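If you're wondering where the values come from, they're calculated on a predicted model, not measured in any experiment.
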Amino acid sequence: MCTAATYKTKDFYFGRTLDYEFSYGDEITVTPRNYPFEFRYMGRMDSHYAMIGMAHVAGDYPLYYDAINEKGLGMAGLNFVGNAVYQEADESEDRNNVAQYEFIPWILGSCASVGEARVALDRMTLTGTPFSEQLPTAQLHWIIADRNGAITVECMADGLHVYENPVGVLTNNPPFPQQMFLLNQYMGLSPKQPVNTFAPEVGLVTYSRGMGAIGLPGDLSSTSRFARVAFVKQNSLPADSEAESVSQFFHILGSVDQQRGCCEVAPDKYEITIYTSCCNADKGIYYYNTYEGHQINAVDMNREDLDGAELARYPLIQGENINWQN
């Protein structure tokens with residue numbers, strides 16, 4: 001289970017939580033402009049936009065979970081188990097066959113905006129070709145976003161669907177149109193204190209702050225996380241500075257943190273928020289923290305040689321860093 005969100009203050013921010021019961025070995029990975037991507041069906045891409053994101057690197061190939069490119073476009077894949085159905089390769093000359101694991105680098109390597117991504121999607125066939133026998137195809141759907149908007153991409157049994165995403169949020173099942181429909185249940189929620197419309201002649205009064213949001217779900221299901229992070233994001237006041245904006249973004253995604261012990265997936269196995277990311281897509285900075293380390297860490301793609309041909313990789317910093325004051 002995972003949650004992704006966008007946020008805009010003076011700059012545009014894009015990030016996600018990765019919630020799972022184990023890690024594949026995640027690294028912040030910068031792919032420079034001249035790293036050669038070998039695509040399964042479309043040959044070699046020798047030159048492309050640089051990108052930074054979280055990836056599992058297998059055989060020097062970055063399998064990105066989420067990333068942004070140097071043009072300010074962000075993309076993340078989230079679990080969509082039971083609904084994701086990929087397509088068979090189409091040999092037509094006007095089609096681009098893209099394996100699921102290549103989807104993020106293909107879009108971010110060649111598209112500078114959501115508008116350009118939409119054009120590319122019109123010509124794309126998304127196949128279920130696995131990276132290897134050891135790493136089978138994951139069932140995912142995706143959010144693609146820039147400072148001007150967001151879309152959701154879902155490949156299902158009835159074809160490839162591209163939806164406008166007006167809330168800039170994505171979690172997991174059910175399909176995106178149902179997630180958006182379910183938000184209708186919460187249209188009465190507000191950060192303001194409620195007034196008594198239940199029975200004006202009865203002396204009902206508020207007895208606590210925050211009662212305008214009574215009914216906002218607090219469980220860890222994907223529909224509840226979708227509603228909660230959408231509400232928190234829509235009502236989060238923008239800040240001026242970079243530090244304040246980054247802090248606010250982590251607070252937004254912190255509303256759907258998963259704590260060890262609260263989501264059992266097998267006997268003695270629990271899903272946790274392995275990491276939370278926040279990318280300043282305008283500046284090319286990837287911020288993150290982890291379950292065991294709440295300090296915010298950062299990697300700036302512009303401090304790397306973006307005209308190079310080799311990946312720059314940074315293992316996640318783990319462990320709490322407690323600042324003693326006496």
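Counting only heavy atoms from C-beta outward, the side chains of Leu306 and Val30 approach each other to under 4.5 Å. A 4.5 Å side-chain heavy-atom check between His251 and Ser247 finds at least one atom pair inside the cut-off. At a threshold of 4.5 Å between non-hydrogen side-chain atoms, the residues Gln179 and Tyr163 do not count as touching. Looking at heavy atoms from C-beta onward, Asp282 lies in side-chain contact with Arg147 at the 4.5 angstrom threshold. The shortest side-chain heavy-atom distance between Val246 and Ile285 does not fall under the 4.5 Å cut-off.
With Asp90 contributing its side chain and Asn97 its backbone, the two residues share no donor-acceptor pair below 3.5 Å. A side-chain donor-acceptor contact under 3.5 Å links Ser277 to the backbone of Arg16. Distance alone, capped at 3.5 Å, places no donor-acceptor pair between the Thr273 side chain and the Tyr275 backbone. Between the side chain of Ser110 and the backbone N or O of Trp106, at least one donor-acceptor pair lies under 3.5 Å. Formation of a donor-acceptor pair under 3.5 Å by the Gln193 side chain with backbone atoms of Ser208 is found in this model. Using a distance-only test at 3.5 Å, with no hydrogens or angles considered, no donor-acceptor pair links the side chain of Ser224 to the main chain of Leu220. Side-chain N or O atoms of Asn96 include none that pairs as donor or acceptor with a backbone N or O of Met42 at under 3.5 Å. A donor-acceptor pair is defined here as one N or O able to donate and one able to accept, closer than 3.5 Å; such a pair exists between the side chain of Glu102 and the backbone of Arg40. For the pair Ser92 (side chain) and Asp94 (backbone), a donor-acceptor distance under 3.5 Å is absent. Looking only at distances, a side-chain donor or acceptor of Asn302 sits under 3.5 Å from a matching main-chain atom of Lys283.
To the nearest 0.5 Å, the span separating CG on Asn326 from CH2 on Trp324 amounts to 7.5 Å. One finds the CE atom of Met124 at 7.0 Å from the SG atom of Cys155 (value rounded to the nearest 0.5 Å). Put simply, CD1 on Ile317 and CD1 on Ile28 are 8.0 Å apart, with the number rounded to the nearest 0.5 Å. In this structure, the separation between OH on Tyr65 and CG on Asp26 is 4.0 Å, given to the nearest 0.5 Å. Leu126 contributes atom CG, which lies 5.0 Å from atom CH2 of Trp142 (distance to the nearest 0.5 angstrom). With rounding to the nearest 0.5 angstrom, the CG atom of Asn289 is 12.5 Å from the CG atom of Asn321.
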Hey, can you pull the donor-acceptor pairs under 3.5 Å for the side chains in residues 308-316, sequence neighbours left out?
unit_1, atom_1, unit_2, atom_2, d
Arg313, NE, Glu27, OE1, 2.9
Arg313, NH2, Glu27, OE1, 2.9
Tyr314, OH, Glu304, OE2, 2.4

Distance-only criterion, 3.5 Å: show the donor-acceptor pairs between side-chain atoms of residues 74-85 and protein atoms not counting sequence neighbours.
unit_1, atom_1, unit_2, atom_2, d
Asn83, ND2, Asn173, OD1, 2.9

Identify all side-chain donor-acceptor contacts of residues 53-64 below 3.5 Å with residues at least two apart in sequence or on another chain.
unit_1, atom_1, unit_2, atom_2, d
His56, ND1, Tyr24, O, 3.1
Tyr64, OH, Thr29, O, 2.9
Tyr64, OH, Thr31, OG1, 2.7

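In summary, the side chains of Glu242 and Tyr13 do present a donor paired with an acceptor at a separation below 3.5 Å, with no hydrogens or angles considered. Looking only at atom types and distance, the side chain of Asn165 has a donor-acceptor partner in the side chain of Thr152 under 3.5 Å away.
Residues Leu73 and Ala145 approach most closely at CD1-O, 3.4 Å, considering heavy atoms. Among all heavy-atom pairs drawn from Pro175 and Met156, the shortest one is CG-CE, 3.7 Å. The nearest pair of heavy atoms linking Thr137 to Tyr86 is CG2-CE1, 3.4 Å. Across all their heavy atoms, Phe231 and Ala213 have their closest contact at CZ-CB, 3.9 Å. Shown here for Ala227 and Tyr186, the closest heavy-atom pair between the two residues is CB-CE1, 3.5 Å.
Tyr20 meets the side-chain hydrogen bond (donor to acceptor under 3.5 Å, both in side chains) test with no other residue; sequence neighbours excluded. For Glu154, the salt bridge (charged side-chain N to carboxylate O under 4.0 Å, His left out) test picks out no residue, with sequence neighbours left out.
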Applying side-chain contact (heavy atoms from CB on, under 4.5 Å), run through Thr276 and Asp257 and close with a yes or a no.
-> CA-CA 9 Å; Thr276 302; Asp257 263 355; 4.1 Å; yes

Can Glu88 and Thr127 be said to form a side-chain contact (heavy atoms from CB on, under 4.5 Å), step by step?
-> CA-CA 6 Å; Glu88 295 296 325; Thr127 78; over 6 Å; no

Could you walk me through whether Tyr286 and Asp66 pass the side-chain contact (heavy atoms from CB on, under 4.5 Å) check?
-> CA-CA 10 Å; Tyr286 193 100; Asp66 55 270; 2.8 Å; yes

Would Thr6 and Phe12 satisfy side-chain contact (heavy atoms from CB on, under 4.5 Å), going step by step from the backbone distance to the final call?
-> CA-CA 8 Å; Thr6 64; Phe12 171 63; 3.8 Å; yes

side-chain hydrogen bond (donor to acceptor under 3.5 Å, both in side chains) between Thr125 and Gln87, intermediate numbers included | CA-CA 6 Å; Thr125 298; Gln87 301 164 305; 4.8 Å; no

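Between His48 and Phe37, the ring center distance clears the sub-6.0 Å criterion. In summary, the aromatic rings of Tyr101 and Phe131 are positioned with their centroids under 6.0 Å apart.
Under the 4.5 Å side-chain heavy-atom criterion for grouping Ile, Leu, Val, Met, Phe, Trp and Tyr, Val98 is connected to Leu135 within one hydrophobic cluster. The hydrophobic clustering, which links ILVMFWY residues whose side-chain heavy atoms are closer than 4.5 Å, places Val229 and Leu182 apart. Under the 4.5 Å side-chain heavy-atom criterion for grouping Ile, Leu, Val, Met, Phe, Trp and Tyr, Phe22 is connected to Tyr291 within one hydrophobic cluster. Taken together through direct or relayed side-chain contacts under 4.5 Å among Ile, Leu, Val, Met, Phe, Trp and Tyr, Leu216 and Ile214 form parts of separate hydrophobic clusters. Note: the hydrophobic cluster containing Tyr49 does not contain Ile104 (ILVMFWY, side chain heavy atoms under 4.5 Å, direct or indirect links).
Comment: Glu70 engages Arg33 in a salt bridge, judged by a side-chain N to carboxylate O separation of less than 4.0 angstrom. Using a cut-off of 4.0 Å between Lys/Arg side-chain N and Asp/Glu carboxylate O, Glu244 and Lys10 are scored as not salt-bridged.
Atom CZ of Arg95 has more than 12 neighbouring heavy atoms from other residues, nucleotides or ligands inside a 6.0 Å radius. Surrounding CZ of Phe198 are at most 12 heavy atoms belonging to other residues, nucleotides or ligands under 6.0 Å away. The number of heavy atoms from other shown groups lying within 6.0 Å of CD (Gln325) does not exceed 12. The environment of Glu38 atom CD is dense: over 12 non-hydrogen atoms of other residues, nucleotides or ligands sit within 6.0 angstrom.
Sorted by first then second residue, the salt bridge (charged side-chain N to carboxylate O under 4.0 Å, His left out) pairs that include residues 209-228, not counting sequence neighbours, number zero.
The aromatic rings of Phe226 and Phe176 sit perpendicular, their planes meeting at an angle over 60°, well past the 30° parallel limit.
When the options Glu271, Glu21, Glu292 are evaluated for a salt bridge (Lys or Arg N to Asp or Glu O under 4.0 Å) with Arg260, the one that passes is Glu292.
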